[in-house]
Amino acid sequence: MQKNCIYLDNNATTKVDPAVLEAMLPYLTDYYGNPSSMHSFGGQLGKGVKIAREQVAALLGAEESEIIFTSCGTEGDNAAIRGALLAQPEKRHIITTQVEHPAVLNVCKQLETQGYTVTYLSVNAKGQLDLNELEASLTGNTALVSVMYANNETGTIFPIEEIGARVKEYGAIFHVDAVQAVGKLPLNMKTSTIDMLTISGHKIHAPKGIGVLYVRRGVRFRPFLLGGHQERGRRAGTENVPGIIALGKAAELEMLHLEEATKRESRLRDRLEKALLAKIPDCEVNGDPSHRLPNTTNIGFKYIEGEAILLSLNKYGICASSGSACTSGSLEPSHVLRAMGLPYTTLHGSIRFSLCRYTTEAEIDQVIAVMPEIVERLRALSPFKNDNAGWLQQQSLVKVS
């Protein structure tokens, strides 16, 4: 186990903040009661849950009653989509995008087998939506529009409020997966067009296994999980009290650090990006440099495979992620980068570096120091440059078909 690794994969998950761990530990040991119990031992846990709910509501600019604790972002997305549809059985049309997280895309694909019509909005080369395409897709039969706030792979930020304004004109419910945006961008549900919003604790230095679904007061919604009366009858199941306490503390810390951390992460991200582009030929930034998360850069290194880069970085104790996945020896390019129309020469060699408030300048300098040699060595071994990545293209066509 590498305890002192250089961790630049924070869009995948984050380390638990020590203050968050300290806040939750008593609820794993001394305060182990059920917050729904009538006795005072359980009741004191209920007070802790209430405080956590207030902390999360403050981070989102929402009311306490609009916060539903879930197990993760995936549950939140599922609950939002299915809950909105159950509340509007007369409507059978959904709009989403081609670059959503699988927690949204796979639900929509399943719903298509159940008689729903789904429109998947395209993106341009920068990963941005065409709002005219959205406008043309909206109808009176549209029950739900589900669009992520910021893309997990490229960091591209969508014009959420503009989208929401158009959705409202057609009376549809607007759901936003904000798993990547929360803690990196200021959010205010009181002034937003968003009806439902999903967040996940492990993206903001809380542990895995806890999340939130925000549902605006008055929005038609039916529970996804049925059972007890927890969460005002909107999400059954005994509350994950340690996780809820942790998420509340994490939300409090995110509010405290938001402005300072985002400025610092943006500066370090730009430093890394500019150095790699200057030192390494045939590479480019994927996404929209003008509208993206402050902590994220996705760089395509032509003619080599992302997995080979990651394995080489791993030898130096550097953790990042690839825009493609290797399955059974065949390359499967990222659905996000593929939707952006990236050339095959870049598609397979794209690496995402995602920072957090713990990232240091020394860590960034180490990545800058080793990346040029890694890329040069892998290109020297690569057969792809000479045949213009023809083999890669053939493999991708096989996977897509």
Side-chain angles (χ1 to χ4, degrees), residues 35-36 49 53 56-57 60 62-97 100-120 137-149 160 163-164 167-179 189-190 192-201 209-240 243-244 247:
S36 297
V49 170
R53 200 182 304 275
V56 173
L60 299 182
E63 298 179 15
E64 292 175 54
S65 61
E66 297 172 320
I67 302 301
I68 303 172
F69 288 113
T70 66
S71 65
C72 60
T74 293
E75 183 194 329
D77 287 341
N78 274 257
I81 295 170
R82 296 184 184 279
L85 297 179
L86 287 171
Q88 305 172 92
E90 73 282 2
K91 295 185 176 183
R92 308 289 291 180
H93 179 227
I94 305 162
I95 298 176
T96 188
T97 80
E100 296 298 308
H101 190 276
V104 169
L105 287 178
N106 287 336
V107 175
C108 289
K109 290 175 183 177
Q110 184 186 66
L111 288 168
E112 285 183 290
T113 68
Q114 299 172 7
Y116 285 90
T117 300
V118 181
T119 299
Y120 299 92
S137 301
L138 285 161
T139 73
N141 188 44
T142 303
L144 175 76
V145 176
S146 182
V147 177
M148 59 177 24
Y149 209 119
I160 291 299
I163 294 171
V167 171
K168 293 304 170 191
E169 294 177 5
Y170 288 83
I173 291 176
F174 185 33
H175 166 247
V176 172
D177 180 333
V179 165
M189 295 301 100
K190 289 184 176 68
S192 177
T193 58
I194 297 170
D195 293 313
M196 296 189 289
L197 179 136
T198 306
I199 72 173
S200 185
I210 186 67
V212 159
L213 173 61
Y214 157 85
V215 179
R216 182 181 297 281
R217 179 181 293 182
V219 169
R220 299 169 65 186
F221 174 78
R222 296 291 180 271
F224 175 54
L225 292 180
L226 301 176
H229 62 276
Q230 294 89 352
E231 296 300 296
R232 297 173 184 255
R234 299 171 299 181
R235 198 274 187 183
T238 302
E239 297 91 341
N240 172 10
I244 290 172
L247 180 53

Derivation of the side chain to side chain contact (heavy atoms under 4.5 Å, CB included) call for I94 and E112: CA-CA 9 Å; I94 305 162; E112 285 183 290; over 6 Å; no
Minimum-distance pair of heavy atoms, taken over all atoms of R222 and L86: CB-CB, 3.7 Å
Heavy-atom closest pair, residues M196 and A84: CE-CB, 3.7 Å
Y214 vs L60 side-chain heavy atoms within contact, under 4.5 Å: yes
S146 backbone acceptor or donor facing T96 side chain under 3.5 Å: yes
Counterpart residues, salt bridge (Lys or Arg N to Asp or Glu O under 4.0 Å), relative to E169 (two or more places apart): none
Side chains of Y149 and I194 in contact at under 4.5 Å (non-hydrogen atoms): yes
Heavy-atom check, side chain of V104 versus side chain of I81, under 4.5 Å: yes
Non-hydrogen side-chain atoms of R82 and L111 separated by less than 4.5 Å: yes
Chi angles and distances behind the side-chain hydrogen bond (donor to acceptor under 3.5 Å, both in side chains) call for T97, E100: CA-CA 6 Å; T97 80; E100 296 298 308; 2.7 Å; yes
Residue pair V147 / I163: nearest heavy atoms and the distance that separates them: CG1-CD1, 4.0 Å
Side-chain donor or acceptor of R216 paired with backbone N/O of M189 under 3.5 Å: yes
Polar side-chain atom of E66 near backbone of R217 as donor-acceptor pair, under 3.5 Å: yes
Check: Y120 and K109 side chains under 4.5 Å, non-hydrogen atoms: yes
Main-chain N/O of L144 paired with T142 side-chain donor or acceptor, under 3.5 Å: no
Step-by-step side chain to side chain contact (heavy atoms under 4.5 Å, CB included) determination, D77 to H175: CA-CA 8 Å; D77 287 341; H175 166 247; 3.2 Å; yes
S36 side chain reached by H229 side chain, heavy atoms, under 4.5 Å: yes
Heavy-atom donor-acceptor pair, R220 side chain to I173 backbone, under 3.5 Å: no
K91 side, atom NZ; T117 side, atom OG1 - distance, nearest 0.5 Å: 14.0 Å
Where S65 and R234 come nearest, the two heavy atoms and their spacing: O-NH1, 2.8 Å
Any donor-acceptor pair under 3.5 Å from N240 side chain to G209 backbone: yes
Interatomic distance, K168 atom NZ to L138 atom CG [nearest 0.5 angstrom]: 11.5 Å
Nearest heavy atoms of G228 and A236, plus distance in Å: N-CB, 3.4 Å
From CA spacing to verdict: salt bridge (Lys or Arg N to Asp or Glu O under 4.0 Å), R53, E231: CA-CA 11 Å; R53 200 182 304 275; E231 296 300 296; 2.8 Å; yes
Residue from L225, L213, T198 passing side chain to side chain contact (heavy atoms under 4.5 Å, CB included) with E75: L225
Pair R235-F69, side chain to side chain contact (heavy atoms under 4.5 Å, CB included): steps then yes or no: CA-CA 8 Å; R235 198 274 187 183; F69 288 113; over 6 Å; no
Rounded distance (nearest 0.5 Å) linking atom OG of S71 with atom CD1 of I210: 8.0 Å
Results of side-chain contact (heavy atoms from CB on, under 4.5 Å) for S137 - residues two or more places apart only: I95, T119, L121, E133
For the student: nearest non-hydrogen atoms of Q230 and E239, plus distance: CG-OE2, 3.4 Å
